[in-house]
Novice: 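Structure incoming, see below.
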2 protein chains.
Amino acid sequence: MVKRTSHEFSACPVARPLDAIGDWWSLLIIRDAFEGVTRFGEFQKSLGLAKNILSARLRNLVAHDILELKPCADNSNYNQYVLTEKGRGLFPLLVALRQWGEDYFCTEGEEHVVLVDREKGEPVRRLELRAQDGRLLGPDDTLVSGH
Amino acid sequence: MVKRTSHEFSACPVARPLDAIGDWWSLLIIRDAFEGVTRFGEFQKSLGLAKNILSARLRNLVAHDILELKPCADNSNYNQYVLTEKGRGLFPLLVALRQWGEDYFCTEGEEHVVLVDREKGEPVRRLELRAQDGRLLGPDDTLVSGH
DNA sequence: TCGTTTGGTTTTATGTTGCAACCAAAATTT
DNA sequence: AAATTTTGGTTGCAACATAAAACCAAACGA
């Protein structure tokens, strides 16, 4: 499914997730899953991608334990795709992507959806990287340090 | 280069960034750029991808103002690819990806690189989404709210 | 000045994607 | 309960993207 390139076996914790997720479509599937979409047809309608591709992506996400396939609770015999704990761990990533998108693609007073705190209805804060002692860290304040 | 699918024109601030970034390779290029890689050959050696693909990806990243092409400051006549402000805005996304990778792909006492605060040398804190009033927010505490 | 490195482009074989048609099981309608 | 529709896929095929290798010009180093 996903090509076996050198990076997939890298110990780098950036490269390996990419292989597990699969591709851009998978990320959009996950985004939809966070918004409550669970069924094949819903994903397909929401994303407008070919059914064979959707089928392959869902299978891959299930294989990587990002989604799981559960019987539909209610009346029906169909089953639904829901995020696992691991899948829910991708929430900050989706938020980061969204905030970057808001910053650089929705600037022109254009109306766009925004992520809000459910309780108060206010927009959420920006994601920030902080040191143990609370200092705000930018790209130049950090370093990837071998094992 | 990147296929023109329906999602690319979506107002959704999740889908549009994906189109700008391009693909997984681009994200690894950006990761390397954050770590100080600037030149074609360095990217190629670090990532091990075909030169024509690297060439296309770099061109795309430059076209989307994520990287820019600058003359090498020093002696040489070559030029280098460096992150723009927009590109540097992807830092939280890379961190989110990395933290997820650490959580789910490096669990087994395996030695792996870790992102540290340059000043103190300690690992950084986890990214957290918070409400305006500081409450910690999980996926179920948020909502995407139309315009 | 001659060879080597750098930064690509071109060519070609192979893999992946996307569309459309098809299909079976489940649900719904009559 | 029979017929129809909806759901959730699979299969086949054409178009497109990718990967590897050969090639090349400009820059650099000796």
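All of these numbers come straight from a predicted model, not from anything done at the bench. The chains referred to below are lettered A, B, ... by the order of the sequence lines, with proteins before strands, and numbering in each begins at 1.
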Novice: Within the structure, does a side-chain N or O atom of A:S55 lie under 4.0 Å from either OP1 or OP2 of D:dT10?
Specialist: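 Yes.
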Novice: Less than 4.0 angstrom between a side-chain N/O of A:W25 and OP1 or OP2 of C:dG18, yes or no?
Specialist: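 Checking C:dG18 against A:W25, a side-chain N or O does come within under 4.0 Å of OP1 or OP2.
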Novice: Report yes if a donor N or O on one partner sits less than 3.5 Å from an acceptor N or O on the other, where the partners are the side chain of B:N52 and the base of D:dA19; otherwise report no.
Specialist: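 By the distance-only test, yes, there is a pair.
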Novice: By nearest atom, which of the nucleotides D:dT18, C:dG7, D:dA20 is closest to the B:R39 side chain?
Specialist: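 Comparing D:dT18, C:dG7, D:dA20 against the side chain of B:R39, the answer is C:dG7.
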Novice: By nearest atom, which of the nucleotides C:dT9, D:dC28, D:dG8 is closest to the B:K51 side chain?
Specialist: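 Of C:dT9, D:dC28, D:dG8, C:dT9 is nearest to the side chain of B:K51.
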Novice: For a quick check under 3.5 Å, do B:N52 and B:S55 share a side-chain donor-acceptor pair by atom type?
Specialist: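 No pair is found: no donor N or O on one side chain lies under 3.5 Å from an acceptor on the other.
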Novice: Would you mind classifying the nucleic acid contact of A:F43 as base, sugar-phosphate or nothing, using non-hydrogen atoms under 4.0 angstrom?
Specialist: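 Nothing, no nucleic acid heavy atom in range.
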Novice: OP1, OP2 of D:dA17 versus side-chain N and O of B:R57: anything below 4.0 Å?
Specialist: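 No, no such contact exists.
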Novice: Of all the choices, D:dA19, D:dT10, C:dT9, which nucleotide is nearest to the side chain of B:A50 once you look at every atom?
Specialist: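 It is D:dA19.
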Novice: Return the CG to CG distance between A:L137 and A:L143, rounded to the nearest 0.5 Å.
Specialist: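 If we round to the nearest 0.5 Å, A:L137:CG and A:L143:CG are 11.5 Å apart.
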Novice: If you find the nucleotide of DNA chain D closest to A:G41 and the one closest to B:I53, which residue's nucleotide is nearer the 5' end?
Specialist: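 This one resolves to A:G41.
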Novice: With a 4.0 Å cut-off, would you call A:D140 and B:R88 a salt bridge?
Specialist: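 Between B:R88 and A:D140 there is a salt bridge, with a charged N closer than 4.0 Å to a carboxylate O.
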Novice: Nearest of D:dA20, C:dA26, D:dG9 to any side-chain atom of A:Y78?
Specialist: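 When the side chain of A:Y78 is considered, C:dA26 is the closest of D:dA20, C:dA26, D:dG9.
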